[in-house]
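Have a look at the structure below before the remarks.
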Amino acid sequence: MPELPEVEVIARGLHAVLVGRVIAAVEPVDPTRLSEDGAALAAKVVGAGVVRVSRRAKVLLIGLGNGATLAFHLKMTGRVVHGPMRPVERHDRTRFILDDGSLLCFADMRRFGYVRAFAPGGLETWDFLCRVGPEPLDTPPAALAGRVLSRSGRIKALLLDQAVVAGVGNIYADESLHRAGIHPQTRGNRLGRAGAERLFAHLQDVLRQAIAENGSSIRDYVNASGDAGAFQNSFAVYGRKGSPCAVCGAILFAVKVAGRTSTFCPRCQPEP
DNA sequence: CCGCACCCCTGTGCGC
DNA sequence: TGCGCACAGGGGTGCG
């Protein structure tokens, strides 16, 4: 579910309430997707205080005072919610009990997501993050454009490739391509510099707008307090195949690119 | 490097 | 009502 804006909203919400809290205990409710056993995970984090909560690509990071880091990848249906202690629910996977008695719960219906604990210095050696490209909101559109202009792959696939640019998923790829008037099957080396820079400027706009609106909630996404986002009400193309384009009125089409449904307007985004 | 198939899981919505 | 299929915010692998 969560792409960059959703993880960013969760990180900001958690930062506001978790800094200074100490992890008192870990409950590995469903250890099937843990990369280590619950005792090993607990040994790295129990007794440590939260220093900061941040995000890199689509990964949520909780930095601890002992130098360790908790990393959550939410994949399609993961949630990280903080609130009062409550009984275990159906999709709870790993629960953290804090020193004030509150609960930080990682839940994930489909169990694609995971949580990992890194010892001090370990995060920097995590190959997943080492391969991730630049943050789109911290990088000038011209620099981002340079990463796709020499590529022969389809621009939609390039946007989804975390090594090209970090944090973009199916929603924001489709929305930014529509805003830029670019067909998802256009090859990177056919965009032209102006087109590529326009695309990444629109990507920045749509990501910022989605963060401001608390993210997009399709089915599962909720922020750190358990609240839904609102940006799904602003979708121009995502999930709207067969509906009229809000800009020109043409009926929206969908094609598969990189194995993902890509919805586009045949008039605003003409065939390359 | 590119594109595709398939896998990891569970749930929902739709056509028959 | 029930069944079977397609599809879902992600990412990894393996093959041609």
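Order of the sequence lines fixes the chain letters, A, B, ..., with proteins taken first and strands second; residue numbering starts at 1 for each chain.
Going from the P atom of C:dG2 to that of B:dC9 covers 28 Å, rounded to whole Å. Taking atom C1' in both B:dC2 and C:dG9, one finds a spacing of 25 Å when rounded to whole Å. Comparing the same atom, P, in C:dT1 and in B:dT10 gives a spacing of 25 Å after rounding to whole Å. Going from the P atom of C:dG11 to that of B:dG11 covers 22 Å, rounded to whole Å.
Between A:D220 atom CG and B:dT12 atom C1' there is a gap of 10 Å when expressed in whole angstrom units. Rounded to whole Å, atom P of C:dA8 lies 13 Å from atom CZ of A:F235. Rounding to whole angstrom units, CD1 of residue A:I211 and P of C:dG9 are separated by 20 Å. Put simply, NZ on A:K256 is 7 Å from C1' on C:dC7, counting in whole angstrom units. Rounded to an integer number of Å, the gap from CG of A:L160 to P of B:dG3 is 12 Å. Atom-to-atom, CE of A:M109 to C1' of B:dG11 comes out at 4 Å; the value is rounded to the nearest Å. A straight line from CD of A:E3 to P of C:dG9 spans 8 Å, rounded to a whole angstrom. Rounded to an integer number of Å, the gap from CG of A:L74 to P of B:dC8 is 21 Å.
For the pair A:Y238 and C:dG9, the criterion of a side-chain N or O lying under 4.0 Å from OP1 or OP2 is met. Look at A:T261 and you won't find any side-chain N or O under 4.0 angstrom from OP1 or OP2 of C:dC7. Within the structure, every side-chain polar atom (N or O) of A:H91 is placed at least 4.0 Å from both OP1 and OP2 of B:dT10.
Residue contacts shown for A:R219 include a base, since a base heavy atom lies under 4.0 Å away. A:K241 comes within 4.0 angstrom of no nucleic acid atom, judged by non-hydrogen atoms across all strands. Among the protein residues, A:R93 comes within range of no part of the nucleic acid, since none of its heavy atoms lies under 4.0 Å from any strand. Looking at heavy-atom distances under 4.0 Å, A:F128 makes contact with sugar-phosphate atoms alone, never a base.
A ring-centre distance under 6.0 Å is found for A:F264 and A:H183.
Aromatic stacking of A:F112 on B:dC9: not satisfied for centres closer than 5.5 Å together with planes under 30 degrees.
Base pairing of C:dG9: no nucleotide in any strand meets the Watson-Crick or G-U wobble criterion (both distances under 3.5 Å). Under the Watson-Crick or G-U wobble criterion, with both distances below 3.5 Å, C:dT1 is left unpaired in every strand shown.
When only modelled atom types and interatomic distance are considered, A:N189 and A:S152 share no side-chain donor-acceptor pair under 3.5 Å. Checking A:H15 against A:S54 by side-chain atom types alone, no donor-acceptor pair falls below 3.5 Å. A donor-acceptor contact closer than 3.5 angstrom is absent between the side chains of A:N66 and A:K44.
In this structure a side-chain-to-backbone donor-acceptor pair under 3.5 Å is missing from A:T77 to A:D108.
Once rounded to the nearest 0.5 Å, the distance linking OG1 of A:T186 with CG of A:L158 reads 10.5 Å.
Anti is the glycosidic conformation of B:dG11, whose angle departs from 0 by more than 90°.
For A:N170, counting side-chain heavy atoms from C-beta on, the closest listed nucleotide (C:dG12, C:dG9, B:dC2) is C:dG9. Each of C:dG11, B:dG3, C:dG9 was ranked by its minimum atom distance to the side chain of A:K58; first place goes to C:dG11. Picking from B:dG3, C:dG11, B:dC9 the nucleotide with the shortest atom distance to the side chain of A:R110 gives B:dC9.
Remark: A:R190 CZ is loosely packed, at most 12 non-hydrogen atoms of other residues, nucleotides or ligands lying under 6.0 Å away.
Scanning atom types as modelled, no donor and acceptor separated by under 3.5 angstrom connect the side chain of A:R111 and the base of B:dC9.
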